[in-house]
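Residues: numbered from 1 along the sequence shown.
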Amino acid sequence: MKNTLFVTFFIVSALIFISVGIVSTATADESQWIADGFSASPEIPTSNESRISMKSPEIQEPMMKGSQCSTIRLQELYGKYIPSPDTRDLPCDHTPVGPPTDVQVGSQWEWYIWRLNGYPEADLKTCTVRGSSEHAWVVVEDTQWNVNVTQTDVDVILSFFENESIGLFPDQGIWDLNTTHFGMPPDHLDQDGKIYIVFYDFDVSSDGYFWSFDQGCDGDGAFASNECDALYMNCSDHSPSGEYMVSVLAHEFEHLIHYEQDINEAAWVDEGCAELAMWLFGNPDTISMFNNNPDNNLTVWNGDWADYIKTYLWMLYFYENNGGRDAVLDLVAEPANGITGFENFYGDHGFNPDFAFHFALWTVANFLDDPDVGTGDYGYTGDELPPFRAVSEHDTYPVNESATVNHWATDYVRFTGGVPLKIQFDGDDTTQFAVWALERDPITGTRVSRVDLDSAQTGDIDLPDVGTVYEEVVMVFAGTANAGSISYTYSATELPLQTPTPTLTPAPTPTPPWHGDDPAMRLVLNSEIYSSGDEFILDAQFWNPETDPLHVDTFIVLAVLGNYWFWPSWIHLDDGFDSRDMTLPAQVESEENILTFIWPSHTGAASELCFLGVILDHETGFWYGGTLAEACFDYQ
């Protein structure tokens, strides 16, 4: 009777061996049909559903859901209030506006309510405090109460602000999420430790804004001031307490904080952080538009929808790859702005200080979105990206093209056609580029290669595995400089097809012997690489040094990417074990054929698929020899 403890020990040992010694590029689904092929009548399927989209889909832009924020537009059109350090913490006492000294729920006073459809103009309108929490007042313009804003809305808003969110941090509200990630907001004028969330009916298509002129006393700046730390939210287009508008509140609150921490930060950095605040809350903007045209300078802010998305993705990538919360907190506090601020952060925290280095990695991550490739730099874990569109595609060769790509922007170019390729790139000498080759296949997976460019911005790469191991290659052409020409050329030519030559496993040699003084097994394949039409032969050789025949149990297992099948029935591990009960003749080397068939047609390639074997004493379960028999092979 089999000793199940020793059988289990064998299986566990095999699994450990596989996990540390074998790298298989087959997919889990593929491992099943590989195993199915090793049956008495092998029939390996010729197609397999791809887990990677290999095409350039017609990207359908979803209905945009996202922050229509007026903060940066107002600052760029009309300036930003820069307070005097000598007077900033002094009380505002020369105008009758601003919060009273004893604010409480029910307090009413006249607020400047801004009309933004044109040059900003303010009307004094009565507003009432409708709710309070530890860190916020909710104020509603009186004509909107119980019309567009109700007490239920106020209660929900304050709960989200103080106590809860809908993302990865459900026990933290917006105040905690924003202050721990971006820093503390200003509190120089009213000095009450709270912010005012003011709801009114906007006269423009916008969801919210922070108005920096509120940070000075009324009459001191170019525009009127409500003399408090206020955020303005539109209550007429969306539910003010819906998850979307609450996430916009997190966005606007980040602008208030960034104003305090780094008053003159570049717009694209400030907006990227505000977008990240929405992600922290759990309701980020919908990723669209930018993926349809990534030739969009990351460092230029025009207020287009794609600009929100590119800065959101940049900051999410920064958050995930440079230290999370602490990294963002330090970046916001960094006094330098834009690219210089990032480079100072990278240098101070032990990263490569070159902004272009990190930008180049980001361009690959946007297309692949697969953190399992390489060292994890080529994807996101916090959001699922839609496909990024290639600017052009080629399937016949040779190819010679001229193109342009903006500074700090990216072109993706796809090459298919089933042939190995040589790609050459020549960028204008007055600027800098980053070039990558992304070889992709639904079975093999993805290989990422950086193309070395010389000082003249020229370089090339040979891709002999395209068309055999990999189905396609996507080239990444990225502009990585602030100035200079944005033009480049590229070419693609066919490489000679290289047919692999199978290497036969050497026959056993009598000296030194392959076995020792214990009963042993050896697995022998007739080749190391198999292609369509090749004969596949697996034999098992046995040695019994004893003077008497041995009754043994023979285990042979096929191991493919964490899946295991047992000879002779090729039963899957999930369904149990199988083995051959056999007798080894005394002091004789014996041999048995395990499998013989013709390798069928298929798509793709895989490496290091292995058979493992062991023999156990039939009565005691004792494991003879102490080592596994092994035979590994590739196919393509």
Between the side chains of [X] and [Y], does any donor sit under 3.5 Å from an acceptor?
X      : Y      : value
Asp330 : His349 : yes
Glu243 : Asn283 : no
Ser392 : Tyr490 : yes
Thr311 : Glu271 : no
Asn322 : Tyr317 : no
Thr416 : Glu393 : no
His188 : Glu260 : yes
Gln215 : Asp229 : yes
Tyr488 : Asp411 : yes
Gln432 : Thr480 : no
Thr180 : Asp176 : no

Plane angle bin for [Y] and [X] - parallel if under 30°, tilted between 30 and 60°, otherwise perpendicular:
X      : Y      : value
Tyr209 : Trp211 : perpendicular
Phe253 : Trp175 : parallel
Tyr412 : Phe367 : tilted
Trp314 : Trp362 : perpendicular
Tyr346 : Phe355 : tilted
His251 : His255 : perpendicular

Please say which of Val364, Val391, Thr363 ends up in a side-chain contact (heavy atoms from CB on, under 4.5 Å) with Thr410. Thr363
Nearest 0.5 Å, please: how far is [atom2] in [Y] from [atom1] in [X]?
X      : Y      : atom1 : atom2 : result
Leu256 : Ser212 : CG    : OG    : 10.5 Å
His358 : Asn321 : NE2   : CG    : 9.5 Å
Glu162 : Ile157 : CD    : CD1   : 12.5 Å
Gln261 : Asp270 : CD    : CG    : 11.5 Å
Leu368 : Arg440 : CG    : CZ    : 6.5 Å
Ile195 : Leu231 : CD1   : CG    : 4.5 Å

Within the 4.5 Å heavy-atom criterion, are Glu252 and Cys69 side-chain neighbours or not? yes
Please examine the side chains of Phe342 and Val269, heavy atoms only from C-beta on, and report whether any two atoms are closer than 4.5 Å. yes
Under the criterion side-chain hydrogen bond (donor to acceptor under 3.5 Å, both in side chains), I'd like the reasoning laid out for Thr431 against Gln457: C-alpha separation, chi angles, the key distance, then a yes or no. CA-CA 8 Å; Thr431 188; Gln457 301 301 297; over 6 Å; no
Name of the residue among Asp383, Asp307, Asp285 meeting side chain to side chain donor-acceptor pair (under 3.5 Å) with Tyr312: Asp383
Quick check against the 3.5 Å criterion: does [X] have a side-chain atom that pairs as donor or acceptor with the backbone of [Y]?
X      : Y      : value
Thr444 : Tyr470 : no
Thr458 : Asp426 : no
Glu265 : Gly338 : yes

